[in-house]
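For reference, positions follow the sequence shown, starting with 1.
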Amino acid sequence: MSDTSARVADSTGNWVDTLAPQWAQPYLRLSRFDRPIGSWLLLMPCWWSAALAAGIAHDVSRLPLTIVLFFIGAFVMRGAGCAWNDITDRDLDARVERTRSRPLPAGQITVKQALAFLVAQALVGLVVLLQFNRFAVATGIASLAVVAVYPFMKRITWWPQVFLGLAFSWGALMGFAVTFGRLDLTALVLYAGSIAWVIGYDTIYAHQDAEDDALIGVKSTARLFGAHTHQALILFYGLAVVLIGVALASGDVRWPAWLGLAAFALHLVWQIVRLNIADGALCLRLFKSNKHAGLLLLAGLLADAVMRAS
């Protein structure tokens, strides 16, 4: 087994490298705790839906606890999902420059060890999920089917980002399931808008690996859109703003939520204007900036919920 302190090529100088015990570092890297942007992006639709549902219910009394539980759940389930992704992709990752230093292809941990850590994180996620009503529990468990098939999609379709969107946007349903014990049209439209957002930002992310993916036969929307990526982003980011706007209108939100959506939309426009698909470092920065886009929308939704509850 190789040196467990060896760092991942595209994630250096983080808290895992500098503060975590050496024995824990491969596990934390496996679950991307050294680069938590994916967890934040998974969390955003959870928080959006929780805030929107609280506003519709005119009751924010349970919102702080829901926000905390969603935070814990998103980070551990993102970690479990990354472990599953790396287990299924370990041979492909070994052939890509950016990913060959990840713990599994680098030999820092075994598949059995990775599976054990996956199960441990999933159990924490289950404890979080069991704090909610039965419908929310069932809704959360249903997401596992999408998570399980996602890593295989890049082998069989040019649209793996759609399946990532289905998985990463599931939280848009969870806020309504937790608050109302049901899903309605507002939740479903918010979910669809989030899926369009994920397709957009993960296309930007995938441009980092487009050349390596072409060599090993991995498909992605980055390769599919190629030089037409800007036009595709206008379509998907535009669709995201429109669908989320429809969800907000359906939820009868007030002006703070619309202000948040406007800020969200302007951030997406800025990404499209700035994007240069040949610049991998810029693609990564723009991808990561979607955390801030999501927080802008969240701020508006939280202000709206508080205003309607008062």
Which pair of non-hydrogen atoms, one from [X] and one from [Y], has the smallest distance, and what is that distance?
X: A57; Y: T179; answer: CB-CG2, 4.2 Å
X: S39; Y: A74; answer: O-CB, 4.1 Å
X: L286; Y: L275; answer: CD1-CA, 3.6 Å
X: V137; Y: F132; answer: CG2-O, 3.9 Å
X: A83; Y: L30; answer: CB-CD2, 3.8 Å
X: C82; Y: R32; answer: SG-CG, 3.2 Å

Atom pair [atom1]/[atom2] of [X] and [Y] - distance to nearest 0.5 Å:
X: L63; Y: L302; atom1: CG; atom2: CG; result: 6.0 Å
X: W159; Y: T203; atom1: CH2; atom2: OG1; result: 7.5 Å
X: T221; Y: K219; atom1: OG1; atom2: NZ; result: 13.5 Å
X: L248; Y: I56; atom1: CG; atom2: CD1; result: 9.0 Å
X: L42; Y: F70; atom1: CG; atom2: CZ; result: 10.5 Å
X: C46; Y: L173; atom1: SG; atom2: CG; result: 9.5 Å

Does [Y] offer a backbone N or O that forms a donor-acceptor pair with the side chain of [X] under 3.5 Å?
X: T157; Y: M153; answer: no
X: S169; Y: L166; answer: no
X: S250; Y: V246; answer: no
X: Q161; Y: S220; answer: no
X: D93; Y: R100; answer: no
X: D209; Y: D212; answer: no
X: D213; Y: V218; answer: no

_Residue E211 excluded, over 12 heavy atoms near CD under 6.0 Å_ =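 Open.
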
_A quick test of your reading: do over 12 heavy atoms of other residues, nucleotides or ligands sit less than 6.0 Å from CZ of R274?_
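Counting other residues, nucleotides and ligands, CZ of R274 stays at 12 neighbours or fewer.
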
Given the rule that I, L, V, M, F, W and Y join up when any side-chain heavy atoms are under 4.5 Å apart, are [X] and [Y] in one cluster?
X: L185; Y: L190; result: no
X: L282; Y: Y205; result: yes
X: F152; Y: L104; result: yes
X: L235; Y: V242; result: no
X: I277; Y: L233; result: yes

Test item: [X] and [Y] side chains (from C-beta on) under 4.5 Å apart, heavy atoms:
X: L261; Y: V253; result: no
X: R308; Y: D252; result: yes
X: N14; Y: R35; result: no
X: W158; Y: R223; result: yes
X: Y27; Y: F33; result: no
X: M174; Y: T139; result: yes
X: F264; Y: I244; result: yes
X: N290; Y: W40; result: no

*For residues Y150 and F168, establish whether the separation of their ring centroids is below 6.0 Å.*
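Not under 6.0 Å, so no.
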
*asked:* Before we go on, tell me: are the rings of F75 and F71 under 6.0 Å apart, centre to centre?
replied: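 Between F75 and F71, the centre distance is under 6.0 Å.
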
_Testing L52, L298, L297 one by one against W47 for a side-chain contact (heavy atoms from CB on, under 4.5 Å), which residue passes?_
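Passing option: L298.
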
_L164: which of L41, V198, N85 passes side-chain contact (heavy atoms from CB on, under 4.5 Å)_ =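 That would be V198; it is the only one of L41, V198, N85 passing the side-chain contact (heavy atoms from CB on, under 4.5 Å) with L164.
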
*Below 4.0 angstrom, N of the basic side chain to O of the carboxylate: do R102 and D89 qualify?*
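A salt bridge is absent here (no side-chain N lies under 4.0 Å from a carboxylate O).
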
*Looking at W197, F176, Y191, which hits ring-ring contact (aromatic ring centres under 6.0 Å, His included) with W48?*
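Answer after filtering W197, F176, Y191: W197.
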
*Does D59 have any side-chain hydrogen bond (donor to acceptor under 3.5 Å, both in side chains) partners at least two apart in sequence or in another chain, and if so, which?*
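Testing D59 for side-chain hydrogen bond (donor to acceptor under 3.5 Å, both in side chains), a comparison that skips the adjacent residues, returns S61.
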
_side chain to side chain contact (heavy atoms under 4.5 Å, CB included), that's the test. Do D34 and D17 meet it? Break it down for me._
CA-CA 8 Å; D34 57 337; D17 292 341; 5.6 Å; no

*Let me see the working for M44 and L295 under side chain to side chain contact (heavy atoms under 4.5 Å, CB included), right down to the final yes or no.*
CA-CA 7 Å; M44 285 301 114; L295 288 172; 3.6 Å; yes

*Does F163 have any ring-ring contact (aromatic ring centres under 6.0 Å, His included) partners at least two apart in sequence or in another chain, and if so, which?*
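Result, ring-ring contact (aromatic ring centres under 6.0 Å, His included) vs F163: none returned.
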
